[in-house]
Amino acid sequence: MTQMKPFLSDNAAPVHPKVWEAMRAADSADSPYDGDALSAELDERFTDLFGRECAGLWVATGTAANCLALATMCQPHGGVVCHEEAHIEVDEGGAPGFYLHGAKLMLCADGHGSEGAKLTPEGIAALIDPIRDDVHQVQPHAIAITQASEYGRSYSPDQIEALSAFARSRGLGLHMDGARFANAAAFLGGSAKDAAGPVDSLAFGFIKNGGMSAEAVVLFDPEQANLVKYRRKRGGHLQCKGRYLAAQILAMLEGDLWLANARHANAAAQDIASGCRDRLMHPVEANELFVRLSQAEREALRAQHFAFYDWGEDAARFVTAWDTRADDASALGKAIANL
Ligand SMILES: *Cc1c(COP(=O)(O)O)cnc(C)c1O
């Protein structure tokens with residue numbers, strides 16, 4: 001039987017052996033919830049990684065990580081500015097409204113120098129400047145950006161700096177959805193600090209990049225940790241065997257496994273991209289490719305055992321992961337080039 005060549009999604013990738021090993025090593029009794037020795041290490045490990053004081057808390061999904069972080073900066077009567085195709089808008093089943101008690105998502109479209117689902121200060125200003133300072137209108141409280149974006153684009157340190165300066169000048173919080181933060185950091189040269197810039201909070205994704213069931217909420221104002229802890233419990237995300245989640249995150253941080261895994265995935269994506277040429281809908285700056293392909297072309301690729309999702313009528317999305325076989329990536333690049 002011919003083996004499938006999987007490019008459906010990085011969340012379909014398996015758990016990295018070092019993460020399994022770390023969970024095995026955590027397999028003795030310790031205090032429940034987040035009272036264990038491993039959970040206690042997280043603040044320090046993230047503080048070392050980002051070079052500024054922060055708190056790190058585990059949760060089981062990126063959705064919870066985003067929403068709990070946003071709860072530190074947006075009141076129920078306020079709004080969170082995000083791109084109209086942001087995960088929090090189109091892929092979280094209304095969780096932001098649930099965790100933020102009805103707060104509104106305020107949607108930016110591309111334009112004003114924005115592309116590939118990345119926000120710009122100009123685009124946000126165009127959305128929020130017409131809002132009157134009047135109780136009849138929802139006031140923005142926060143901005144949420146995605147690193148790498150929903151189209152696999154990475155924000156440069158300058159772009160994050162500009163968004164942060166804009167947010168500060170308007171009194172808004174700045175949150176980063178980092179489901180693919182590792183891939184963006186790898187693309188930008190490998191520094192977690194540069195890839196996050198001066199944001200107020202980060203949902204640091206590990207699951208797509210080799211973890212099993214742990215994402216981190218990183219709060220650059222550690223004073224907010226208590227609020228997130230109470231809400232994490234209330235929201236049903238305080239797992240009683242938290243040490244197994246902490247173990248996954250620590251394993252991913254150990255020796256920069258998070259970065260090595262992302263570099264592998266990004267390299268595979270670049271290999272595929274080299275066969276796509278002008279079919280590419282967006283520059284490849286992480287581990288996702290959006291490729292113009294007709295239905296017949298997609299069928300031809302599926303007949304060669306490549307697995308991927310359609311993207312609308314005339315395109316496909318390919319995602320690489322930490323375990324993508326180099327042979328599969330180069331075969332896909334060649335197959336697309338040969339269409
Ligand atoms: C995958 C993903 C998440 C997290 O999704 P969950 O299924 O809740 O873990 C968040 N943001 C983006 C952009 C994603 O791609």
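Worth saying up front: this structure is predicted, and the values here are computed from it rather than measured. For ligands, and for the atoms within them, numbers begin at 1 and follow the listed sequence.
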Minimum non-hydrogen distance to atom 1 (C) of ligand 1, winning option of Gln147, His87, Lys208
Lys208

Looking only at heavy atoms of Asn11, does any of them come nearer than 4.0 Å to an atom of ligand 1?
no

Hey, which of Asn261, Asn183, Asn287 is the one that makes side chain to side chain donor-acceptor pair (under 3.5 Å) with Asn266?
Asn183

Do any N/O atoms on Glu92 end up under 3.5 angstrom from N/O atoms on ligand 1?
no

Test the Arg52-Phe220 pair against the cation-pi criterion, namely NZ or CZ under 6.0 angstrom from the six-membered ring centroid and within 45° of the ring axis.
yes

Atoms of ligand 1 close to Thr61 [distance to a heavy atom under 4.0 angstrom, numbered from 1]:
8 (O), 9 (O)

The reported gap from CD in Gln224 to CG in Leu68 (rounded to nearest 0.5 angstrom) is 12.0 Å

To the nearest 0.1 Å, how far is atom 11 (N) of ligand 1 from its closest protein heavy atom, and which atom is that?
Asp177 OD2, 2.6 Å

Ligand 1 N/O within reach of Gly62 N/O, cut-off under 3.5 Å
yes

Contacting atoms of ligand 1, where contact means under 4.0 angstrom from a heavy atom of Thr63:
6 (P), 8 (O)

Centres of the Phe318 and Phe308 rings: under 6.0 Å?
yes

Whether Lys233 and Asp34 form a salt bridge (side-chain N of Lys/Arg under 4.0 Å from carboxylate O of Asp/Glu) is what I want to check.
no

Less than 4.0 Å between a side-chain N and a carboxylate O, is that true for Arg170 and Asp129?
yes

Find all atoms of ligand 1 within a distance of less than 4.0 Å from any non-hydrogen atom belonging to Glu150, and give their numbers and elements.
13 (C)

Does the structure place the NZ or CZ of Arg298 under 6.0 Å from the centre of the six-membered ring of Trp311, at an angle of no more than 45° from the ring's axis?
no

Which ligand 1 atoms, with their elements, are less than 4.0 angstrom from a heavy-atom of Thr146?
13 (C)

Salt bridge flag under 4.0 Å for residues Glu297 and Arg292
no

Atom 5 (O) of ligand 1: any protein heavy atom closer than 4.0 Å:
yes

Atoms of ligand 1 less than 4.0 Å from Arg180 heavy atoms?
15 (O)

